[in-house]
Amino acid sequence: MTVPYGAAVVLRPSAPEDVPALAAIRATPEVRVRWRGEDDLAAEVAADLEDPDKRCLTIRFQDRIVGMIQWYAEDEPDYRHAGIDLFLDPAVHGRGLGTDAVRALARHLVDDRGFHRLVIDPAADNAAAIRCYEKAGFRPVGVMRQYERGADGSWHDGLLMDLLAAELVR
């Protein structure tokens with residue numbers, strides 16, 4: 001696989017030795033509220049790495065693991081597209097690293113993998129994530145009502161966003 005590079009980040013295939021650092025990031029309150037998880041986050045991260053339907057990439061910044069970005073493919077020819085999701089260490093929030101990682105992966109998916117359309121679905125109330133994705137060229141498609149169950153058991157809205165290849169902000 002081509003290793004996507006951003007202006008500041010490097011995305012490389014996630015490996016078992018990344019699990020402790022990724023689980024520690026998932027355990028931070030800011031990430032856990034969005035990604036949730038059971039008591040054994042290391043096992044959950046390891047399971048994600050083994051899931052054949054997900055391609056997990058570790059986000060590195062200045063030789064340090066700062067998050068994970070993953071993608072999946074819808075390969076049905078009439079609906080072909082790729083979806084993206086990510087989490088980033090709150091210690092590096094606000095530096096543009098999320099946008100850099102999304103752009104790097106989007107370039108890879110468009111240029112190297114031939115996808116014409118990408119999707120992402122942040123929580124509708126996650127303004128920081130939405131701004132991040134908009135900077136890479138994603139546009140809101142619509143609100144998915146009661147899309148995701150929260151830790152408290154209540155349902156929350158999600159925002160479907162997409163990006164066409166020609167709209168990618170490089």
Side-chain angles (χ1 to χ4, degrees), residues 1 3-73 81-109 118-138 140 144 147-152 155-163 169:
M1 176 191 151
V3 174
Y5 285 84
V9 301
V10 176
L11 311 179
R12 65 159 174 71
S14 298
E17 59 268 18
D18 299 340
V19 169
L22 294 172
I25 295 168
R26 283 268 314 266
T28 62
E30 299 91 336
V31 175
R32 191 161 187 138
V33 72
R34 300 292 181 184
W35 279 69
R36 297 182 38 207
E38 301 300 324
D39 292 335
D40 191 350
L41 290 176
E44 289 183 37
V45 171
D48 281 346
L49 272 53
E50 294 174 10
D51 185 337
D53 294 328
K54 295 178 188 171
R55 282 77 164 196
C56 299
L57 303 169
T58 295
I59 304 169
R60 296 185 63 88
F61 171 66
Q62 297 179 344
D63 293 323
R64 174 168 91 89
I65 293 173
V66 296
M68 186 175 79
I69 190 166
Q70 61 189 26
W71 67 277
Y72 68 88
H81 69 277
I84 299 174
D85 206 355
L86 75 147
F87 61 84
L88 200 61
D89 187 339
V92 298
H93 283 183
R95 298 184 190 184
L97 300 181
T99 299
D100 193 31
V102 170
R103 280 183 182 148
L105 180 55
R107 277 194 312 270
H108 168 69
L109 294 172
L118 308 176
V119 297
I120 199 161
D121 59 353
D125 67 349
N126 192 343
I130 293 166
R131 278 192 310 275
C132 166
Y133 307 147
E134 287 176 334
K135 289 176 189 174
F138 281 85
M144 300 178 291
Y147 175 67
E148 175 178 59
R149 189 184 310 268
D152 64 357
W155 290 96
H156 304 275
D157 295 346
L159 179 66
L160 177 61
M161 302 179 78
D162 72 1
L163 169 98
V169 176

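Counting heavy atoms from C-beta on, the side chains of Thr58 and Leu22 come closer than 4.5 Å. For the pair Arg34 and Asn126, the minimum side-chain heavy-atom distance is below 4.5 Å. At a threshold of 4.5 Å between non-hydrogen side-chain atoms, the residues Leu118 and Trp71 do not count as touching. Leu105 is not listed as a side-chain neighbour of Arg107, based on a closest heavy-atom distance of 4.5 Å or more. Counting heavy atoms from C-beta outward, Asp85 and Ile69 have side chains that stay 4.5 Å or more apart. Ile120 has its side chain within reach of Tyr133: a pair of non-hydrogen atoms, C-beta onward, lies under 4.5 Å apart. Counting heavy atoms from C-beta outward, Met161 and Ile130 have side chains that approach closer than 4.5 Å. No side-chain heavy atom of Phe61 sits under 4.5 Å from any side-chain heavy atom of Val10.
In this structure, CZ in Phe138 is found 11.5 Å from CG in Leu159, a value given to the nearest 0.5 Å. Note: Ile65 CD1 to Arg60 CZ = 5.0 Å, rounded to the nearest 0.5 Å.
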Criterion side-chain contact (heavy atoms from CB on, under 4.5 Å) on Ile84 and Tyr72, from CA distance to verdict: CA-CA 7 Å; Ile84 299 174; Tyr72 68 88; over 6 Å; no
Residues Gln70, Asp48; criterion side-chain contact (heavy atoms from CB on, under 4.5 Å); working and verdict: CA-CA 9 Å; Gln70 61 189 26; Asp48 281 346; 4.3 Å; yes
side-chain contact (heavy atoms from CB on, under 4.5 Å) between Leu11 and Tyr5, worked out: CA-CA 6 Å; Leu11 311 179; Tyr5 285 84; over 6 Å; no
side-chain contact (heavy atoms from CB on, under 4.5 Å) evaluation trace for His81 with Asp162: CA-CA 10 Å; His81 69 277; Asp162 72 1; over 6 Å; no
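In terms of heavy-atom proximity, Met68 sits nearest to Cys56 at SD-CB, 3.8 Å. Smallest separation of non-hydrogen atoms from Leu57 and Ser14: C-OG, 3.2 Å. The minimum heavy-atom distance between Ala104 and Pro4, with the atom names listed, is O-CB, 3.7 Å. Taking all atoms of both residues into account, the shortest heavy-atom contact from Ala42 to Val19 is O-CG1, 3.4 Å. Residues Glu148 and Ala123 approach most closely at OE1-CB, 4.3 Å, considering heavy atoms. Nearest heavy-atom pair, Ala73 versus Arg55, reported as atom, atom and distance to 0.1 Å: N-NH1, 3.6 Å.
For the side-chain hydrogen bond (donor to acceptor under 3.5 Å, both in side chains) test, no residue two or more places apart in sequence or in another chain qualifies with Lys135. Checked against side-chain hydrogen bond (donor to acceptor under 3.5 Å, both in side chains), Tyr147 has the following partners two or more places apart in sequence or in another chain: Asp121.
A side-chain donor-acceptor contact under 3.5 Å links Trp35 to the backbone of Leu86. Between the side chain of Glu44 and the backbone N or O of Glu38 there is at least one donor-acceptor pair closer than 3.5 Å. Looking at Arg103, its side chain does come within 3.5 Å of a backbone N or O of Val169 through a donor-acceptor pair. Under a 3.5 Å cut-off, the side chain of Arg32 and the backbone N or O of Ile25 do not form any donor-acceptor pair. With hydrogens and angles disregarded, a donor-acceptor distance shorter than 3.5 Å links the side chain of Thr99 to the backbone of Cys132. Judged by distance alone, the side chain of His93 and the main-chain N or O of Leu88 form a donor-acceptor pair under 3.5 Å. For Asp100 (side chain) and Ala7 (main-chain N/O), a donor-acceptor pair under 3.5 Å exists by modelled atom type.
The pair Arg12-Asp18 meets the salt-bridge criterion, since a charged nitrogen lies less than 4.0 angstrom from a carboxylate oxygen. Between Asp89 and Arg26 no salt bridge is recorded (no basic side-chain N to carboxylate O distance below 4.0 Å).
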